[in-house]
Each structure stands twice: as structure tokens, then as C-alpha cells.
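All figures in this text were calculated on a predicted structure; none of them were measured in a lab.
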Amino acid sequence: MRIVSYNTRGLRTGHSVADKSSRYVVDKLLNECDVLCLQETWLAKQDLDNLNSLHVDFHGAGESTTDLSTRIVRGKIPGGVAILWNVKYDAAVNVVRLNVDWAVGLEIDIDEKKFTILNVYMPYESNLLEDEFLHKLAFIKAYIEDSSSTCVFVMGDFNADLSDDSSIFGNHLTSYCEENNLTLSSKILLPDTSFTYISDAWHSTSWLDHCICTTDAHASLSNIEILYNLATSDHIPIIFSLNVANVPSLVAKDNNDLTDKLDWSKVTNEDINKYTATTDAQLQAVKLPRDALACCDPNCKNTNHCNELCKLYENIVKAVKDSSLCLRSRSLKSWTVKPGWNDFVAEHHAAARDAFRLWHEAGKPRQGALFESKKMTTARFKYSLRINKRQENMMRADSLARGLQNNDYHKFWKEVNAMNNRKTSLPSNIEGVCGADNIADLWRKHYSDLLNSVKSHAVSIDNVDFTDTMVIRASEIQDAISKIKEGKACGLDDITVEHLKYSSFKLLPLLSMCFTGFLTHGVLPDSVLSVVLIPVIKDKTASLNSLSNYRPIARSSNISKILEYVLLTRLEVHLLTSENQFGFKKSLGTDMCIYALQEIVGKYLHLNTSVFLCFIDATKAFDRVNHLKLFQKLINRGVPKYLVRLLAFWYANQTMVVKWGNVLSEPFYVSNGVQQGGILSPFLFNVYIHDLSTNLNLCKTGCVVGCQTFNHLMYADDLVIFSPYSAGLQTLLKACSDYGRDFDIKYNPSKSKVMIVRTKDDRNVNFPVFKLCGTPLEQTSSIKYLGHFITDDWRDDRDIQRQYCKLYAQANMLMRKFSTCSLQVKCSLFRAYCTPLYTAPLWWNYGRGTFHKFLVAYNDAFRLLLQVPRWYRASQLFVDAHIPTCEALLRKLTYSLMERLDKSKNSIIMSLTDPKRSSCRYTSALRKHWIQRLYSF
């Protein structure tokens with residue numbers, strides 16, 4: 001397929017030389033391509049139908065900036081985009097209209113190969129239009145994320161000159177592609193000397209027309225060529241050769257549900273009471289293995305006891321599941337009901353059905369009253385169905401408004417998630433393997449190799465002493481059930497959280513006895529040990545056929561999560577870890593970890609001392625935990641043996657299956673790694689890596705704050721080490737290498753980066769090369785740590801740019817999906833998606849211009865959502881909607897962070913905020929900025 005992009009500078013049917021020239025080029029291109037993308041058509045909305053008459057073999061669609069029915073236009077009609085396609089693709093083409101006048105596209109589906117072509121016309125380069133350019137880039141990002149296709153081509157006149165290093169728009173476009181993992185295909189497939197624009201005034205050349213693609217889209221491009229021989233105006237056409245065979249084939253959408261899930265939100269109170277009564281009767285009939293339950297010997301070797309306990313558990317699960325069958329048969333009927341069906345369509349559907357039945361029973365006459373009645377009722381039904389489909393978004397918006405008015409927040413956010421659904425169809429092959437069964441087996445082998453990659457031995461624990469903590473009470477189980485959120489996915493046993501919450505109270509003592517027996521005998525049933533792994537695509541812009549572009553989602557039994565919560569109450573006193581570890585700890589978060597790093601390094605910069613940092617990446621750290629060494633660490637910490645024994649049995653006997661589409665692979669065992677998504681997993685990982693923190697603290701090198709020396713910070717497996725001495729950093733790197741070798745942690749030197757925050761005196765100093773596990777590390781000037789950009793000049797401009805680009809993206813997503821909602825709903829969505837300005841309180845060292853762009857982005861985001869022009873006063877909008885202005889929001893977030901820091905009991909945070917420990921509180925430039933922000937109005 002050949003696709004051409006061309007800024008035509010007018011597509012009118014006039015007789016001027018310019019009109020004839022543009023029409024000549026367009027006619028020439030239509031004879032050479034299958035899809036033609038045009039910019040600056042200068043057509044009014046009333047003239048867009050003319051696109052279908054340009055060529056006998058082409059149909060077209062377009063967008064215009066001007067409606068002649070509402071005003072008189074003096075001079076030429078500005079802008080406008082159009083896209084034309086060969087009629088042979090009519091059956092495969094769906095026009096993509098985005099309700100903007102600068103973009104239009106095609107969604108093409110050919111033999112299960114789906115791809116999208118988006119034609120755009122961006123504003124010309126100007127400082128006054130920089131915000132608009134960023135907004136439109138964010139709009140494109142939002143569209144790509146929402147698109148059902150992962151193969152997207154965005155082409156057209158970007159007005160971003162890649163041939164000029166000083167081009168603001170060119171630099172924005174380049175960084176935009178890098179940050180969003182998009183490929184700037186025109187730059188890769190064309191020489192650096194290319195140009196697509198010749199200035200009429202200055203006779204200079206520029207490279208303004210481009211194509212940016214997702215990874216799969218770029219892989220399907222075989223060639224790009226600039227048609228210099230057709231340079232009859234200032235812009236030159238550019239042609240793209242697309243090999244459709246290289247586009248990934250897709251299969252039906254995967255709903256990621258193992259079975260038809262019972263929709264508890266549609267179950268009435270009467271039905272719940274009936275379910276409760278049914279479970280009461282079913283659980284009453286469960287037979288208790290008295291000998292097994294009465295056994296209090298933690299060293300019991302009677303296998304019958306273990307088998308009877310497991311059978312008791314399965315009988316409890318069966319009783320709960322069977323009790324919900326009456327509800328499942330009723331709720332299944334409501335799953336396919338569309339919004340507005342009952343209000344607008346159901347009556348016409350019933351009338352059409354009755355008329356059809358009478359007509360059919362009469363022998364299907366071709367004329368007469370019955371025939372006319374059948375035709376009329378069918379027509380009314382189809383008409384109401386079409387109208388209902390068109391108004392579906394409006395009705396969903398009304399439903400959101402009703403949910404807010406009734407304070408039904410659960411229903412409100414459920415509707416929001418339904419409208420914001422981004423599910424993607426599965427590819428028909430992964431790494432060249434085709435067929436759902438074969439792909440599921442490929443994933444099974446892939447995950448089996450990963451989760452059995454560390455050599456370990458089985459853990460054997462004998463001579464367990466009986467303690468009162470082995471007894472699990474019903475109240476503990478009830479507390480654990482209350483901690484699990486409703487709506488969570490279920491495992492292979494099909495038991496949801498609602499099954500447990502709405503069940504009879506007889507369930508609690510039965511599970512209590514069952515869990516107590518498991519702790520006493522150190523066993524668990526197979527259904528508790530079974531986990532489903534579902535590969536989910538990580539990045540829609542990356543390759544859909546690559547194993548590395550998927551991450552596994554683990555689905556385990558909800559009852560196993562209850563058991564984990566119960567175990568956590570007994571384990572938490574033994575799971576305390578280093579103060580350097582900020583991950584999975586109450587009252588600590590990523591922003592506090594970043595704050596600590598900023599303050600420690602900032603103090604040394606204030607003392608005119610450079611600091612050496614290394615951000616270390618560990619490959620699959622959670623999946624490579626050595627079970628034998630983990631359980632030995634737990635024993636050394638004094639964890640009761642009966643708990644270690646149960647965990648060892650759990651990890652040694654857990655089985656996993658991979659789900660791909662509707663296919664389940666064969667099960668496999670695992671011998672290393674903590675269970676993904678497990679309640680205990682993050683705490684066990686912190687214990688496993690705790691000794692690395694201890695070893696680093698023993699290195700006696702680092703940054704001194706008060707009376708303490710700090711040389712590293714951790715958030716789960718994200719580790720940053722630092723020292724004011726180059727030799728000190730290498731010492732820390734050696735400690736990490738040694739611990740990784742001893743505890744099977746595999747570091748990734750290619751992703752681990754060194755950053756040197758230099759003072760003015762050290763700018764020209766050459767420092768030695770740093771090595772991790774014997775491999776030299778790359779030095780970087782910028783890195784994204786815990787979602788926050790850190791640069792070697794210790795300024796915040798790069799992170800502020802991240803935030804205002806995100807604001808534009810979020811606002812465009814909300815505008816596209818919730819434009820028909822009420823003001824109340826839009827305000828709630830804006831608060832949820834746009835006001836949590838991650839790490840914004842940590843900004844203090846930035847340029848005024850950068851911060852101004854952020855303020856503009858915040859105001860523009862709200863204007864976009866409310867669909868008001870950019871010149872409208874934002875402050876008035878915020879006041880009317882009871883939403884804080886950007887300055888007020890920053891003050892609120894700053895005060896909140898200061899309050900959390902001052903209340904923190906973490907020794908590192910206290911050393912930075914407590915005036916009794918050090919002077920950092922008074923010398924901190926960040927805290928001075930906070931005080932100025934809070935007290936300046």
C-alpha cells in the first residue's frame with residue numbers, strides 16, 4: 001500500500017495558476033497511491049463533499065476550520081485536512097473523526113490486520129503557538145493510547161524542522177517521540193539532508209513533513225521517498241510504502257475472564273438475602289473431619305489428616321459456588337443490555353417481535369395488514385436502536401451525573417472505567433508462534449524458565465513447637481475479608497470477594513477451623529496453590545509480537561489472599577527492614593524518597609561539593625528470589641517455624657498456568673521468586689534485600705547529614721547509591737555486585753546509569769569509569785527515577801515539562817471521552833486525573849518560563865475539558881467550579897507534604913527535617929521555597 005502526505009496549499013477548483021498547480025499534483029498523486037493525506041485544503045465545511053469527486057476511483061473525508069453558513073470569510077479559508085482512499089478499500093475502511101479541524105484519519109482492517117493512518121496539520125512554529133503545539137502532541141498521544149489498534153501512523157505537516165537544531169518545535173517533536181516510545185520514521189528512513197519545504201520568501205529549505213509511528217507500524221514501512229520532482233509549490237509530497245503483510249494479525253478481543261463473571265452490582269438486596277440463606281443451608285451440610293480438626297500436633301505425620309483438611313476446604317468452596325447459581329442465571333440476562341435500552345428501545349423491540357410472530361404464523365404474507373404492521377414495527381425498532389446507539393455516550397454521561405448526585409461513588413467510578421476502557425486485541429502470533437494453544441505453551445515455557453532460573457534446594461523444617469498463634473479466629477477472617485476490595489478478579493476456583501462477603505456467617509468458623517488445620521499440619525489444598533498468569537501488553541507503541549513487551553498479571557484465589565492477610569498479622573513484627581527502604585511502608589512514599597535524595601545531594605552542592613550517584617537496575621528482581629535463602633533469613637529473624645513451614649510448602653508446591661485468550665496452558669511448578677500480586681510478596685522481598693542495605697551502610701562512605709552517613713535509598717527494587725567521592729561510589733558498587741552474586745540478584749548494567757552532579761569547579765574534571773559486576777556503566781545527564789526526572793544540573797525544568805505534557809494528555813483524554821458529561825462530572829474527573837501533580841511540591845530550582853508553561857497547561861487543561869476558548873479567564877472558571885487554581889493547589893500539596901515529613905518517624909527523613917538532629921531544615925533551599933510559597937499571596 002502506498003500512502004502520500006502533501007500540503008496542497010489549496011484544493012479549490014479555481015482557475016488561478018496556484019489552483020491549477022495544486023490540482024495537477026493531487027491528480028498525479030492519486031494515480032500513484034492508495035491513500036492520500038492532504039493538509040491546508042482551504043475547503044469550507046460545505047465543500048468537503050467535493051472530496052468524493054476529485055477522482056473516480058477515490059472516496060474522501062475531511063475536516064475544515066470554516067462554516068460558511070455562520071459567517072462571511074474574507075480572504076482565503078485557513079487550514080483544513082483531508083484523507084482520500086481508493087474505493088477498493090471501502091469495505092475495510094472506517095473514517096476516524098476526532099472532532100477537531102486539524103486531524104482526520106482512517107482505520108483499516110484487512111484480513112485481521114488492523115492499522116490506523118492519522119493525517120495532521122500542526123501550527124506553524126512560533127513562541128506564541130508553542131503551547132498549542134504541545135497540546136496537539138498530547139492529543140495525538142491520548143488518541144494512540146485509546147486506539148484499539150497498536151499499529152498507528154501519524155503523518156502530515158508537523159511544522160517541526162528537523163534540519164535545524166535550534167527549531168523549538170523540532171526539539172519538542174524529537175523528545176515527544178523519545179518519551180512516548182514512538183518512532184520518528186521519516187528521520188530514520190530518510191537522509192539527514194532531506195527537506196520538504198522551500199520558502200517562497202527566503203528560498204531556504206526546511207524539513208517540516210514527517211511520519212511518527214508505533215513500533216509495529218514502523219516495522220511495516222519498507223520505504224519513504226520525498227517526491228522532489230513534484231515540487232510545484234512550497235511543500236513537497238512525501239510517499240510511504242507500507243507492507244501490509246508485516247502488520248501484526250489480531251484475533252478477537254480478550255476479556256481476560258476465565259468464566260462468565262457474576263455481576264454483583266446488578267444483584268438486588270432480595271437476591272443477596274436469598275444467596276445468604278442458600279449458603280447457610282449448603283454450609284450446614286458440610287461434614288467436618290473431627291479427627292483432623294482436633295489434632296493439635298504440629299509434627300503430625302498422618303497423611304489422612306492432611307487429605308481430610310484439603311477435602312473440607314474444597315467442600316466449603318463448592319458450597320459457596322453452588323449457592324450463587326441461582327443469581328448467575330438471572331444476572332446473565334442483564335449483561336448485554338445497552339444503556340438506554342429499557343427506556344428507548346425495549347418497547348419497540350417487543351412490538352416488533354410480536355408483529356413478526358403474528359406475520360410468521362400467518363404464513364409470511366407479502367401484503368396486507370400483518371405485513372404492513374411487521375414492516376412498520378421493525379422500522380421503528382431499528383430507528384430507535386440507531387438513535388440509542390448515537391446517544392449512548394450521552395446516556396452514560398447522564399448515568400455518571402446521577403451517580404454523583406446520589407453519592408454512589410462505586411457506580412460512578414465503575415462507569416468511568418467502562419468508558420475509559422483501553423483493551424487491545426491479542427496478536428495472532430508471538431515471536432513467530434501462531435495458534436492460541438501454541439502461544440499459551442510458549443508463554444508457559446517462558447515463565448517456567450524465568451521462575452526456575454535460580455538453583456535452590458527444598459526447605460525442610462521439623463520439630464515445630466505448638467503455640468496459641470496457630471489458632472485462627474473467625475474475627476480475623478472477617479477483618480481480612482473486609483480489607484479486600486469488591487470487584488477483584490477471581491482465580492481458578494471462581495470465588496469472588498462478594499461470594500465471601502455476602503455468604504452466611506457459618507463460613508467464618510468453617511474457614512477458621514480449616515486455616516488452623518493448615519497451620520498445624522503445614523499443608524495447603526491445590527486450589528489455594530494454583531495461580532493464573534495472564535500476559536498483558538506493557539506498551540501499545542512497542543512491538544505487539546515481542547515477548548518482552550508483556551508483563552504477567554497473576555490471579556490467585558481470593559481465599560488465599562485472606563489467608564495471607566491473616567499470616568501478615570503474625571509476621572509483620574518480624575518483617576521490619578532498613579530505614580533506607582521506603583517501599584511498602586506505611587506513611588512513606590516515592591515522593592518522600594525523592595525528597596530525601598534531593599535534600600542530601602542539595603546539601604553537598606550548597607557546600608560546593610560534587611556528588612556521584614548510580615541508579616541501579618535489577619533484572620526481574622522479584623522473580624529471582626532464592627526460596628532457600630529467603631526462608632533462612634526468616635528463620636534468622638525469629639519467625640515461628642510453623643509460619644516458615646507453611647510458606648515453604650506454599651512456594652514449593654504452587655502451580656501456575658498461563659491464560660492466552662480463552663486457552664489455558666499446562667500447569668508448571670516454580671522454584672524461585674515471590675508470588676506476583678501476593679499480599680506478603682512485597683514484605684518478603686524487603687526482607688530478602690534488607691542485608692544489601694546493611695552491607696552498604698557498613699561501607700562507611702557516603703554523605704554525612706547531622707551525625708549520620710547516608711549512601712543509598714531504596715524503593716522496593718529501585719536502588720540509588722551516592723557518595724561525594726568517586727572511590728566511595730565504586731566501593732558501593734562492589735558491595736552491590738558481591739550481594740548480587742551471593743543472593744542471585746542479576747543486575748542490568750545497560751540500564752544502570754551513573755550521574756555526576758558537578759559543581760562549577762569540577763565541570764572540566766575527568767572522573768574514572770565506574771563498573772558494576774565488572775561492566776562499565778554509562779554516564780547520563782538525565783534519568784527518570786520513580787517517575788520523577790532528575791538531571792545532573794539539579795534543576796527541575798525537565799520534570800516540570802513531564803508534568804505539563806501529562807496535563808495536556810490527561811485533558812485530551814477526558815475531553816475525548818467525557819465531553820458530553822455535566823459540569824459536576826467534569827469537575828470530579830478533573831480533580832481525579834489532573835490535580836494530583838506528582839512530586840510538584842519538590843520543584844524549586846527552575847526557570848520562570850518553564851514554570852509559566854506549566855501554569856498555562858493547567859489552565860488550558862480545564863478549558864479543554866469545559867470546551868471554552870483559550871482566551872477565556874481561567875481564574876473565573878476555577879472559582880465557579882470550586883476547583884483550586886494552580887497556585888492554590890501547589891500550596892495545598894506543599895503543606896500536605898511538609899506535614900507528612902514533619903510527622904515521619906523514618907530516621908533519614910527526621911535527620912533532614914528535625915532541627916535537633918541537623919541544620920538541614922534551616923539551610924534547605926527547598927524548604928525556603930516552601931515557606932515563600934505558603935506565605936506569599
**Q** Using a cut-off of 6.0 Å, state whether more than 12 heavy atoms not belonging to R473 lie near its atom CZ.
**A**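 Counting other residues, nucleotides and ligands, CZ of R473 stays at 12 neighbours or fewer.
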**Q** Is there a donor in the side chain of S693 and an acceptor in the side chain of H712, or the other way round, less than 3.5 Å apart?
**A**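 Short answer, yes.
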**Q** Taking only Lys NZ, Arg NE, NH1 and NH2, and the carboxylate oxygens of Asp or Glu, determine whether K321 and D493 approach each other closer than 4.0 Å.
**A** no
**Q** Would you indicate whether the side-chain heavy atoms of C736 and L696 approach each other to under 4.5 Å?
**A**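 They are in contact (side-chain heavy atoms under 4.5 Å apart), so the answer is yes.
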**Q** Restricting to non-hydrogen atoms, name the atom on Y739 and the atom on Y688 that form the minimum distance, rounded to 0.1 Å.
**A**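 Looking at all heavy atoms of both residues, the shortest contact is OH-O, 2.7 Å.
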**Q** Closest approach of H446 and L547, non-hydrogen atoms and distance?
**A** ND1-CD1, 4.1 Å
**Q** Quick one: does L588's side chain get under 4.5 Å of S904's, heavy atoms only?
**A**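 Answer yes - side chains close enough.
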**Q** Give a yes-or-no answer on whether the side chains of E314 and S527 include a donor-acceptor pair shorter than 3.5 Å.
**A**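 Indeed, the side chains of E314 and S527 share at least one donor-acceptor pair under 3.5 Å.
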**Q** Going by heavy atoms in the side chains, are P535 and Y447 under 4.5 Å from each other?
**A**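 Yes, their side chains come closer than 4.5 Å.
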**Q** When you check the side-chain N and O atoms of Y747 and T775, is any donor under 3.5 Å from an acceptor?
**A**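 T775 and Y747 do not have a side-chain donor-acceptor pair below 3.5 Å.
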**Q** So do R900 and M592 actually touch side chain to side chain, heavy atoms under 4.5 Å?
**A** yes
**Q** Which heavy-atom pair separates E579 from K905 by the least distance, and what is that distance?
**A**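 Between these two residues, the closest heavy atoms are OE2-O, 3.7 Å.
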**Q** Given side chain to side chain contact (heavy atoms under 4.5 Å, CB included), test F668 with V658 step by step and report yes or no.
**A** CA-CA 9 Å; F668 62 92; V658 179; 4.1 Å; yes
**Q** Decide yes or no for M813 and E145: does some side-chain heavy atom of the first lie under 4.5 Å from some side-chain heavy atom of the second?
**A**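 When only atoms from C-beta onward are counted, E145 and M813 do not touch, as no gap falls below 4.5 Å.
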**Q** Decide, yes or no, whether a salt bridge links K784 with D799 under the criterion of side-chain N to carboxylate O below 4.0 Å.
**A** no
**Q** How about H499 and T496: does a side-chain donor come under 3.5 Å of a side-chain acceptor?
**A** yes
**Q** Indicate whether any N or O donor in one side chain lies under 3.5 Å from an N or O acceptor in the other, for T150 and K114.
**A**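 No, no side-chain donor-acceptor contact under 3.5 Å.
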**Q** What pair of heavy atoms forms the shortest contact from T839 to H788, and how long is it?
**A**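 Reported closest heavy-atom pair: OG1-ND1, 2.8 Å.
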**Q** Between K629 and D744, is there a side-chain N and carboxylate O pair less than 4.0 Å apart?
**A** yes
**Q** Between E476 and R570, is there a salt bridge with N-O shorter than 4.0 Å?
**A** yes
**Q** Might you work through the side chain to side chain contact (heavy atoms under 4.5 Å, CB included) test for D738 and R741, ending with a clear yes or no?
**A** CA-CA 5 Å; D738 294 342; R741 182 187 64 249; 3.2 Å; yes
**Q** Tell me, with the steps shown, if K485 and V497 meet side chain to side chain contact (heavy atoms under 4.5 Å, CB included).
**A** CA-CA 7 Å; K485 294 182 180 179; V497 179; over 6 Å; no
**Q** Looking only at side-chain N and O atoms, does T541 offer a donor or acceptor that is under 3.5 Å from a partner on D539?
**A** yes
**Q** Would you confirm whether the ring centroid of F685 sits within less than 6.0 angstrom of the ring centroid of F622?
**A**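 That pair passes the under 6.0 Å test.
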**Q** Just checking, any donor-acceptor pair under 3.5 angstrom between side chains of S578 and N580?
**A** yes
**Q** Between S750 and N748, is any side-chain donor less than 3.5 angstrom from a side-chain acceptor?
**A** yes
**Q** Decide if atom NZ of K751 counts as having more than 12 heavy atoms of other residues, nucleotides or ligands within a radius under 6.0 Å.
**A**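 It does not: K751 NZ has 12 such atoms or fewer within range.
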**Q** Looking only at heavy atoms, what is the nearest atom pair of C773 and S737, with distance?
**A** N-OG, 2.9 Å
**Q** Ion pair present between D441 and K445, side-chain N to carboxylate O less than 4.0 angstrom?
**A**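 Between K445 and D441 there is no salt bridge, as every charged N stays at least 4.0 Å from the carboxylate O atoms.
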**Q** Between V625 and F743, is a side chain to side chain contact (heavy atoms under 4.5 Å, CB included) present by the stated rule, with each step listed?
**A** CA-CA 8 Å; V625 170; F743 289 91; over 6 Å; no
**Q** Using every non-hydrogen atom in the two residues, find where F722 and L613 come nearest and quote the distance to one decimal.
**A**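 Looking at all heavy atoms of both residues, the closest pair is CB-CG, 4.0 Å.
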**Q** Does the side chain of V532 reach to within under 4.5 Å of the side chain of I553, using non-hydrogen atoms?
**A**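 With C-beta onward as the side chain, the pair stays apart.
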